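Below is one structure, written out as structure tokens; the observations come after it.
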Amino acid sequence: MPIGQTEEKERTFIFSSQTVHRFMKFTLITTALMLGVFAITPASQAAGPLDPSAGPGSPATQMPSLVEIKAAIDALATSSLNGRTPIPGTSGAAAAGPAFTISAPGSYVLTGNIAVTSGDAIRITASSVTLDLNGFTISSNSSGLSGAAINIDPGATSLTDVHVKNGHVRGNTVYTSSWLDGGFEWGVKAAPSTTSAISLSELRITRCGSGIAIPSAKVDRCAVESIHHYGIQANDVTNSVVERCGETGILASKVSDCTADTLGTDLVSIHAGIQANNVARCTATAKGQAYGINGGVVTQCSATSTSSTWAAINGKVVSYCLGSSPSAVNAIVADTSAIGCVAAQGISSPSKHLGTP
């Protein structure tokens, strides 16, 4: 074959090979693009146009001012009170009480700690009041016993429907080998016979002359500690704790699911860790001259006395209880009957049932 024809065929072959290669490359690129388009089509449709029209105004004109921001913050703080009236705390040095008087029905909330040098911190002189201490502390640094952290019905005007909850009360009373009094004379008190429908819950009261002194009150989930005289005086006490009380820890009509102790430092009167007409599911300890539990009907309780003359449990009907005391005295004394009780030191009762020794 002539040389010219050979070169022409070679050029034709090279051209054809390049064409096939380009065609295949084009086909692959096209296929990939089509797959990509199909894959992103839903997202592209959801994203909207790539060049949306500008909204009205500029960013500078849309930003709120500092005044508007503060107003919004204030409004949020107010709304968090849920319509309750705020009681401001005291700042700086403690003030002479009372720090605040509630004289109208409504819901109130403490917004800071309150400290007084003497007298009452908060007085409630109206019915239908709910006071939320909001986790804050009411304290007194009085050199002697003075006033109450919360004084309900100081004018003896027959108040009703008052509820106090969720906070701390602290005085200056301490006990080593004797009592050194200071701070509040009472944590929470009310006129003895002129109040009804009073409830206290989730309060912690420490180092006062007396803790809670409201004979008509319902007390639930409260803790009282280091109290010279009575820890809790109420009508119905549940789920509460009293520790290091000089006289009776809990004095009430009904007491259930509580723990209390007394140091028994008052040798004049008869005291107990718990004293009530009905006592159920409680634990009590008497240190000094006092009963662990002194009651009418005592059920499912455990008590200890360290006195050689005072029983751990003293009641009319004592059932399913455990008592412990020095060997010189009966641990359980039941005036009417003892039912299913246990006490290694002895049980005294005219009628014993269900395994009571």
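Every heavy atom of this structure was used, including side-chain atoms; hydrogens, water molecules and symmetry mates were not. Bear in mind the structure is a predicted one, so any value in this text is a computation, not a measurement.
No side-chain N or O of Thr101 forms a donor-acceptor pair with one of Ser103 less than 3.5 Å apart. Checked by atom type, the side-chain pair Thr304/Lys287 shows no donor-acceptor distance below 3.5 Å. Donor-acceptor pairing under 3.5 Å is recorded for the side chains of Thr160 and Ser196. No donor-acceptor contact under 3.5 angstrom links the side chains of Ser216 and Asn235, judged on distance only.
Of all the heavy atoms in Ala290 and Ser305, the pair that sits closest is O-OG, 3.8 Å. Contact between Ala149 and Ala121 at its shortest, heavy atoms only, is O-CB, 3.3 Å. The shortest heavy-atom contact between Ser324 and Ala331 is N-CB, 3.8 Å.
By the criterion of side-chain heavy atoms lying less than 4.5 angstrom apart, applied directly or through intervening Ile, Leu, Val, Met, Phe, Trp or Tyr residues, Trp186 is not grouped with Ile205; the two fall into different hydrophobic clusters. Grouping the Ile, Leu, Val, Met, Phe, Trp and Tyr side chains by contacts below 4.5 angstrom, directly or via other members, places Ile150 with Tyr108. Hydrophobic cluster membership differs between Trp310 and Val298, with clusters built from Ile, Leu, Val, Met, Phe, Trp and Tyr side chains linked at under 4.5 angstrom. Hydrophobic clustering (side-chain heavy atoms under 4.5 Å, transitive across Ile, Leu, Val, Met, Phe, Trp, Tyr) keeps Val241 apart from Ile293. Taking hydrophobic clusters as Ile, Leu, Val, Met, Phe, Trp and Tyr residues chained together by side-chain heavy-atom distances below 4.5 Å, Val188 does not share a cluster with Tyr230.
Screening residues 128-164 for ring pair (Phe, Tyr, Trp, His ring centres under 6.0 Å) gives no qualifying pairs among residues at least two apart or on separate chains.
For the side-chain contact (heavy atoms from CB on, under 4.5 Å) test with Ile313, the passing option among Ile332, Val333, Asn330, Ile347 is Ile332; the others fail. The side-chain contact (heavy atoms from CB on, under 4.5 Å) with Cys208 is formed by just one residue from the set Thr173, Val224, Leu145, Val169; it is Val169.
Counting heavy atoms from C-beta on, the side chains of Thr306 and Pro326 never come closer than 4.5 Å. Leu133 has its side chain out of reach of Lys165: every pair of non-hydrogen atoms, C-beta onward, lies at least 4.5 Å apart. Counting heavy atoms from C-beta outward, Leu263 and Trp179 have side chains that approach closer than 4.5 Å. Asp132 has its side chain within reach of Arg84: a pair of non-hydrogen atoms, C-beta onward, lies under 4.5 Å apart.
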Arg207/Glu225 under salt bridge (Lys or Arg N to Asp or Glu O under 4.0 Å): CA gap, chis, key distance, verdict | CA-CA 7 Å; Arg207 301 175 59 185; Glu225 180 181 358; over 6 Å; no
Identify every side-chain donor-acceptor pair in residues 247-256 under 3.5 Å, counting partners at least two apart or on other chains, and give the distances.
residue : atom : partner : partner atom : Å
Glu247  : OE2  : His229  : ND1          : 2.9
Thr248  : OG1  : His271  : ND1          : 2.9
Thr248  : OG1  : Ala272  : N            : 3.3

